[in-house]
Amino acid sequence: MHGTAPLPPTVRAAGSHTVGLIVTDNTEGGVSGGHQQLRANLERLWALAAPLGRLPELRYYPTGDAYYRTVAARLLAAVEPEMFDPFTAELVLPFDLPTVFWRDADARENVSTSTSSWSITNAANLAGTTGSITDPVFMVPGPVASVVVTDATTGRSVRWSGATIPSGSSLRIEPGILAAYRVTGTAWTGGTDVSGGLSVGPNGFDLNPNTNQRIGWTLTRTGGAGVNTCRARRAFL
């Protein structure tokens with residue numbers, strides 16, 4: 001096999017986050033359990049911080065925001081607790097954040113009118129984003145023969161062209177994993193892989209905030225007009 005695999009480049013360094021906890025000897029019922037209970041509580045925290053075979057998830061609940069944010073984390077080192085007294089300890093957990101950005105836990109949708117050219121300069125429910133949205137998903141209902149989506153801030157594009165997707169089916173584009181699928185209706189999972197028609201530039205594709213922390217894009221399609229949807233989660237540094 002000859003050629004170049006279209007892997008998006010790694011251009012962002014992992015972040016870091018430190019969690020400090022005061023651990024007591026209280027049981028789940030709030031009753032003092034002594035030194036053995038304190039040790040059991042510390043062991044439970046270690047199990048949560050470094051689960052076997054997966055990265056733990058940190059959550060952050062910003063004041064005044066109805067949405068909480070999440071990030072995958074990796075414990076960097078085992079830190080011995082500092083004992084304040086026989087029944088109270090301080091535990092400091094240093095994490096790195098390999099996925100870089102904190103993100104909303106739930107995706108939000110932006111929907112166009114029936115059109116063959118959808119341009120949006122301020123997706124209101126994505127406002128306030130401070131990091132790159134690396135995994136937006138676009139749903140383009142048939143009939144459609146080609147699609148170009150361009151980020152309003154960077155000008156980077158993702159393109160798809162191939163056999164026409166008929167009415168009753170849709171093209172789902174997932175640029176974060178360099179994949180495209182033909183689906184029945186507007187299914188957000190599954191489908192027939194049509195990624196061979198997908199292409200991106202050398203810097204990949206994501207949605208980036210402008211200086212006013214607004215997200216925008218242009219979606220142009222051929223083959224007919226349709227009601228297009230973008231599903232994305234805000235990202236934060």
Side-chain angles (χ1 to χ4, degrees), residues 7-109 123 125-137 174-178 188-189 204 206-209 211 213-215 231-237:
L7 300 177
T10 301
V11 295
R12 304 176 181 93
S16 62
H17 190 78
T18 300
V19 177
L21 302 169
I22 300 297
V23 186
T24 71
D25 66 333
N26 282 355
T27 65
E28 293 182 3
V31 179
S32 177
H35 184 67
Q36 291 301 318
Q37 184 63 48
L38 174 61
R39 291 186 61 85
N41 292 345
L42 288 168
E43 289 171 0
R44 289 182 183 181
L45 284 173
W46 280 120
L48 289 172
L52 184 63
R54 64 180 178 86
L55 296 178
E57 177 187 84
L58 298 182
R59 293 185 179 184
Y60 168 53
Y61 294 79
T63 302
D65 195 326
Y67 296 84
Y68 69 84
R69 303 168 189 177
T70 69
V71 68
R74 178 171 52 209
L75 188 64
L76 287 175
V79 178
E80 288 297 320
E82 180 181 349
M83 303 300 298
F84 288 157
D85 57 51
F87 311 115
T88 308
E90 180 183 29
L91 184 63
V92 177
L93 301 174
F95 294 95
D96 74 349
L97 312 179
T99 57
V100 184
F101 300 113
W102 293 81
R103 298 190 296 177
D104 283 335
D106 300 314
R108 309 178 185 199
E109 290 187 358
N125 59 9
L126 297 177
T129 294
T130 59
S132 299
I133 299 175
T134 59
D135 60 349
V137 180
E174 302 186 30
I177 58 172
L178 296 175
W188 292 97
T189 59
D206 41 27
L207 296 175
N208 293 275
T211 55
Q213 298 181 359
R214 296 176 178 176
I215 294 290
R231 180 177 283 187
R233 296 186 292 167
R234 294 182 303 168
F236 305 89
L237 293 170

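Residues: numbered from 1 along the sequence shown.
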Residue pair [X] / [Y]: nearest heavy atoms and the distance that separates them:
X: L75; Y: A50; value: CD2-CB, 4.1 Å
X: P175; Y: P136; value: CD-O, 3.3 Å
X: N41; Y: T24; value: ND2-O, 2.8 Å
X: L38; Y: M83; value: CD2-CE, 3.4 Å
X: L55; Y: A72; value: CD1-CB, 4.1 Å
X: A73; Y: F95; value: CB-CD2, 3.7 Å

Return yes if some donor-acceptor pair links the side-chain N/O of [X] with the main-chain N/O of [Y] below 3.5 Å, else return no.
X: R108; Y: N125; value: yes
X: S132; Y: T134; value: no
X: D96; Y: L76; value: no
X: D135; Y: I177; value: no
X: D104; Y: D106; value: no
X: T27; Y: G33; value: no

Point-to-point distance, once rounded to the nearest 0.5 Å, from [atom1] of [X] to [atom2] of [Y]:
X: L207; Y: T129; atom1: CG; atom2: OG1; result: 9.0 Å
X: E174; Y: W188; atom1: CD; atom2: CH2; result: 9.0 Å
X: I133; Y: F101; atom1: CD1; atom2: CZ; result: 10.0 Å
X: F87; Y: H35; atom1: CZ; atom2: NE2; result: 8.5 Å
X: Q37; Y: L42; atom1: CD; atom2: CG; result: 10.0 Å
X: R39; Y: D25; atom1: CZ; atom2: CG; result: 13.5 Å

Starting from the C-alpha separation in whole Å, work towards a yes-or-no answer on side chain to side chain contact (heavy atoms under 4.5 Å, CB included) for E90 and I22. CA-CA 5 Å; E90 180 183 29; I22 300 297; 4.0 Å; yes
| said: Check the orientation of W102 and Y60. Use parallel for under 30°, tilted for 30 to 60°, and perpendicular for over 60°. | reply: perpendicular
